[in-house]
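Comments concern the structure below.
Throughout, a chain's letter reflects where its sequence line sits, starting with A, and its residues are numbered from 1.
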There are 2 protein chains.
Amino acid sequence: MGNNFTKKCLELGISPSITRKKIYEYLETSRNHPTVDDIYRDLIDSLPTLSKTTVYNVLNLFLEHNLVESINTSNNEKRYEIKDEGHSHFTCKICNTIYDVPKVSTSYDSTRIPGFTIENEQVNLIGICPDCMKKI
Amino acid sequence: MGNNFTKKCLELGISPSITRKKIYEYLETSRNHPTVDDIYRDLIDSLPTLSKTTVYNVLNLFLEHNLVESINTSNNEKRYEIKDEGHSHFTCKICNTIYDVPKVSTSYDSTRIPGFTIENEQVNLIGICPDCMKKI
DNA sequence: GTCCTTGCAAAGCGTTTGCACAGAA
DNA sequence: TTCTGTGCAAACGCTTTGCAAGGAC
């Protein structure tokens, strides 16, 4: 897994610093769609001099190199995840948790939107998650 | 159209003030997915004492009553539109303009995500719009 | 030496909150 | 009078920027 990251960095021409590696591995392991604050709080123990600026720097670097994707939430904060086209999202409207769900495919008819070049499609299901259903 | 808004307000038990009416009609007419700033700038002439706080107040009221929806953009700003389930969005990754496109339906299999209650689905196509294609 | 990574402090920007004033009921 | 709509000013929270110190090469 670590070698995986190192290899990706070599390919991209960026250096696999320990900070970058820890952040990447955190994203790869937690699968939590964390905020910058989440990442900072969870890594400050193993990287005692870490700053939020560095978390932002690293994530923006990862975004530029398409290693991660960001999700814009209703709280005007960004959440991050390893780039992975193989899933869609379910957002619970009560607790705002974002869940990964098996990819939801769409059936858009490109002839109905001529002139537009479609490169990607995002599907977000919205509703109530099992945990919140129990509490109702 | 104006009567339409007044009627909706009566149903919802909120007063159809001139400010609220202008903001609603602006959203209904422009179809621009405007930001709060856009709305403020475009209405300040006809509502000289308007403040951004009021625009926020009115939009949040509309959100509570399901008259409008908000879209979270990558710039951490919200954009607003009249509630209308009949369309999906296309976002140009170059100019960031959001276009309304005919509704894109999905084929999610709810048996694959048991326990989740799905109430809504959002589809966003991402790519390059005709205007930006010309410039490349 | 140069280049790059890191991180503190401050600024920036969209949004919300506190509060007060004015108008409607 | 009481309630509601409005709006100024300040606070708030997430993110970016300026810049300097330290380390790699």
Provide, to the nearest angstrom, the distance between the [atom1] atom belonging to [X] and the [atom2] atom belonging to [N].
X       : N      : atom1 : atom2 : value
B/Lys22 : D/dT6  : NZ    : P     : 13 Å
B/Glu77 : D/dT16 : CD    : C1'   : 15 Å
A/Leu59 : D/dT15 : CG    : P     : 10 Å
A/Lys21 : C/dT6  : NZ    : C1'   : 19 Å
A/Asn72 : D/dT15 : CG    : P     : 9 Å
A/Ile14 : D/dC25 : CD1   : C1'   : 18 Å
B/Ile39 : D/dG7  : CD1   : P     : 14 Å
A/Asn76 : C/dT16 : CG    : P     : 7 Å

Base, sugar-phosphate, or nothing for [X], non-hydrogen atoms under 4.0 angstrom?
X       : value
B/Asn75 : nothing
B/Asp37 : nothing
B/Thr19 : sugar-phosphate

Of the options [options], whose atoms approach the side-chain atoms of [X] most closely?
X       : options               : answer
B/Asn57 : C/dG7, C/dT17, C/dT5  : C/dT17
A/Arg20 : D/dT6, C/dT5, C/dG7   : C/dT5
A/Lys78 : D/dT6, C/dT15, D/dT16 : D/dT16
B/Ser15 : D/dG5, C/dT5, C/dT15  : D/dG5

Next item on the list: Would you indicate whether the side-chain heavy atoms of B/Glu69 and B/Ile82 approach each other to under 4.5 Å?
Entry: no
Margin query: Quick one, A/Met133 and B/Phe116 - any side-chain contact, counting heavy atoms below 4.5 Å?
Written below: no
Notebook entry, point to check: Relative to each other, are the rings of A/Phe5 and A/Phe62 parallel, tilted or perpendicular (30° and 60° limits)?
Noted result: perpendicular
Next item on the list: Could you tell me whether the phosphate oxygens of C/dT15, OP1 or OP2, come under 4.0 Å of any side-chain nitrogen or oxygen in B/Tyr56?
Entry: yes
Next item on the list: Using a cut-off of strictly less than 4.0 Å, decide whether A/Asn60 has a side-chain nitrogen or oxygen near OP1 or OP2 of D/dT16.
Entry: yes
Item checked: Exam field: side chain A/Lys78 to backbone B/Ser74, donor-acceptor pair closer than 3.5 Å -> yes
Check: Can you tell me if B/Ser30 uses its side chain to pair, donor with acceptor, with the backbone of B/Tyr26 under 3.5 Å?
Finding: yes
Checklist line | Selection: residues 45-55 of chain A, any non-hydrogen atom under 4.0 Å of DNA chain C | finding: A/Thr49, A/Leu50, A/Ser51, A/Thr53, A/Thr54
Notebook entry, point to check: How many angstroms lie between atom CG of B/Leu125 and atom NE2 of B/His89, to the nearest 0.5 angstrom?
Noted result: 10.5 Å
Margin query: According to a hydrophobic-cluster definition based on side-chain heavy atoms being under 4.5 Å apart (Ile, Leu, Val, Met, Phe, Trp, Tyr only), do A/Val123 and B/Phe90 belong together?
Written below: yes
Check: If you find the nucleotide of DNA chain C closest to A/Tyr40 and the one closest to A/Leu61, which residue's nucleotide is nearer the 5' end?
Finding: A/Leu61
Margin query: With a 4.0 Å cut-off on N to O distance, would you call B/Arg79 and B/Glu81 a salt bridge?
Written below: no
